[in-house]
Structure formats: C-alpha cells, structure tokens
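Quick caveat, the model's predicted, so the values are computed rather than measured. Ligands are counted one by one from 1 in listed order, and the atoms in each one are counted from 1 as well. Numbering of residues begins at 1 and proceeds along the displayed sequence.
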Amino acid sequence: MSTPLLQVQGLNGFYGRAHILFDLELEVARGEVVALMGRNGAGKSTTLKALMGLLEGTQGRVSFDGREVSRMAPYRRARLGLGFVPEDRRVFTDLSVLQNLETGRQPPRPGAPQWTPQALFELFPNLGAMPDRPGGQMSGGEQQMLTIARTLMGNPHLVLLDEPSEGVAPVIVEQMAAMIARLKEAGMAVLLCEQNFHFARLVSDRAYLLDHGRIAYRGTLDGAQAHQSESLS
Ligand SMILES: Nc1ncnc2c1ncn2[C@@H]1O[C@H](COP(=O)(O)OP(=O)(O)OP(=O)(O)O)[C@@H](O)[C@H]1O
C-alpha cells in the first residue's frame, strides 16, 4: 500500500490543561474525501487546528506528503500544500472578491491542481458573478465560498475543511457538494469536518466518528451515523 498523503498517529491535543483530543489515528490518501463526523464539541475543529500546527502543546506524529510536519510552523505546513478553511469564514471585508483571491495565491505545486481566479469562478459561479463586490457585502454562504476559493489559490494537495454546510442556504449546500466532487475529480484530497450526515454522504468516501475527543468509529458514513445514534440511546 502506498503511503497516505496525511498520516496522524497518537495525536493528543490540549487547551491549556484541558485534554481535548485522545490518541487520534487517522489517514487520508491522495485523492480521497474523508469525513470527520461528530456532534458539537466532539473535537472536530480542534483536530484541524492541531493538524495545521495551530494548537500549542500538541503531541503525536503528523506526516504530510512523506514528511514529518509535527513540529513545523503553520505557514510552513501551508507551503507544503496543506490548505485550511476554518469555521469562522474570515474574508477581507474591504477587498473585492478578486482581491481576496489574490491574497491566497501561491506558486504552482507539482502534483497538485493549479487554480486561477478564472477556474475558481467556474467552480463557484456565484463568485464569478460578483468579482468586484467587497467581501463585507456578501452573504454568509458567499463568504464561505470565498474562503474556500482563497485557500484553493494556494494550490493545495489536501484541504482541511471545517463544516462548510453549517448555516448556509440549502442551494449553497448543494453547490458546496458539487464543488467538493470537482476537487476530488481534479485529484485533490479533502478532510471534511461535518455534523450533517446528509451532506457528508454526498461527497465522502468514508468516515471517522469523533466522540469526546476519541475516534469512536471508522468506516462507512452509514456505519458512523448508526454508531452515533446508538450512543445516544
Ligand atoms: N479555545 C478553547 N479553549 C478551551 N476549550 C475549548 C476551546 N475551543 C473549544 N474548546 C473545547 O474543546 C472541545 C472540542 O471543541 P471543538 O470546537 O473542537 O468541537 P467541534 O467538534 O468542532 O464542535 P463544533 O461543531 O461546535 O465546532 C469542546 O469541549 C470545547 O468546549
């Protein structure tokens, strides 16, 4: 078996003295879309922050694209092609859509799809219809798309995507699903944090279920959902 693009072993994460993530083991292969499911507070966002190097005191081993990155600064992980779209959708409110995209531009990366504003406007037609609109005058869903598109301007191998379906209109959720399918077709990998099983099932190859900071299940989306329902009863 070839080495996974992302391999995580024995990951433990903390906020101060609070132990939040416990011995996580997970992998994402090249071109794979993997869902990290779990209820509010299960530890999904904290996992992504730890993988990006944004959580102090993280323990364990994270390998990306054949290199150990566990002690690398976040910007260096980004330069290796690890993209991160956090939950908080921060766009530059005074900059236009196009200018926001330019802030994410990185040189082409061998083996990863190369994105241009034009290609991203095809991927996100809503953004293509408003290239000059200031970020501050967009809806929440449009801002969500812009943060994803800006991350793609860095030509990543893998995107860590935190709850893209949360709080956006159903029509935008459908567009998000179509967009993730296109990223997969282009050969990219995605680690998708979600609570929404319907959305995750549309786009993901397989799933991990996080429960109180531990991986409680790994396998199919249906299996993860059944496991979560059982743990409620
Ligand atoms: N900055 C912080 N300081 C201390 N504890 C935190 C902080 N952020 C999150 N937590 C705690 O860490 C745990 C995991 O939170 P996390 O945000 O990773 O969950 P999540 O699965 O992403 O849920 P959500 O969908 O609500 O974001 C929760 O118990 C939460 O209260």
Could you say whether the N/O atoms of Gly43 and ligand 1 ever approach to under 3.5 Å?
->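 So ligand 1 has an N or O lying under 3.5 Å from an N or O of Gly43.
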Do Gln118 and Thr116 get their side chains close enough for a donor-acceptor pair, meaning under 3.5 Å?
->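 Absent: no donor and acceptor within the cut-off.
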Of all the non-hydrogen atoms in the protein, which one sits nearest to [atom], and at what distance?
{"atom": "atom 7 (C) of ligand 1", "result": "Tyr15 CE1, 3.3 Å"}
{"atom": "atom 24 (P) of ligand 1", "result": "Asn40 OD1, 3.5 Å"}
{"atom": "atom 25 (O) of ligand 1", "result": "Glu163 OE2, 2.7 Å"}

From CA spacing to verdict: side chain to side chain contact (heavy atoms under 4.5 Å, CB included), Met176, Ile148 = CA-CA 10 Å; Met176 294 283 185; Ile148 297 169; 3.7 Å; yes
For atom 13 (C) of ligand 1, state which one of Ala18, Gly38, Ala42, Gly41 supplies the nearest heavy atom.
->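 Nearest heavy atom to atom 13 (C) of ligand 1 lies in Gly41.
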If you measure from atom 27 (O) of ligand 1 to every heavy atom of Gly213, Gly16, Ser45, Gly13, which option wins on shortest distance?
->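 Nearest heavy atom to atom 27 (O) of ligand 1 lies in Ser45.
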Does Lys49 come within less than 4.0 Å of ligand 1, judged by its heavy atoms?
->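 No; Lys49 lies far enough from ligand 1 that no heavy-atom distance drops under 4.0 Å.
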Please state whether Gln195 comes within less than 4.0 angstrom of ligand 1, counting heavy atoms only.
->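 Gln195 counts as a contact of ligand 1 under the 4.0 Å cut-off.
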Between the main-chain N or O of Val69 and the side-chain N or O of Arg77, is there a donor-acceptor pair closer than 3.5 Å?
->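 Looks like yes, one N/O pair under 3.5 Å.
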Is the backbone N or O of Val91 less than 3.5 Å from a side-chain atom of Arg150, with the two atoms forming a donor-acceptor pair by type?
->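 Not confirmed, Arg150 side chain does not pair with Val91 backbone.
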Would you mind running through ligand 1 and noting each atom that sits below 4.0 Å from a heavy atom of [X]?
{"X": "Arg39", "result": "21 (O)"}
{"X": "Ile20", "result": "12 (O), 13 (C), 14 (C)"}
{"X": "Thr46", "result": "14 (C), 15 (O), 16 (P), 18 (O)"}

Under-4.0 Å salt bridge between Arg89 and Asp162 |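 Judged by the 4.0 Å cut-off on N to carboxylate O distance, Arg89 and Asp162 do not form a salt bridge.
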Note: Glu25-Arg218 ion pair, threshold 4.0 Å (strictly below) |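 Arg218 and Glu25: not salt-bridged.
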For the atom pair CE (Met188) and CH2 (Trp115), what is the distance rounded to the nearest 0.5 Å?
->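 One gets 7.0 Å once the value is rounded to the nearest 0.5 Å.
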Full working for side chain to side chain contact (heavy atoms under 4.5 Å, CB included) between Leu24 and Leu210 = CA-CA 9 Å; Leu24 303 192; Leu210 260 189; 3.9 Å; yes
Can you confirm whether something in the protein, heavy atoms only, sits under 4.0 Å from atom 30 (C) of ligand 1?
->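 Answer no: nothing from the protein, no heavy atom, is under 4.0 Å.
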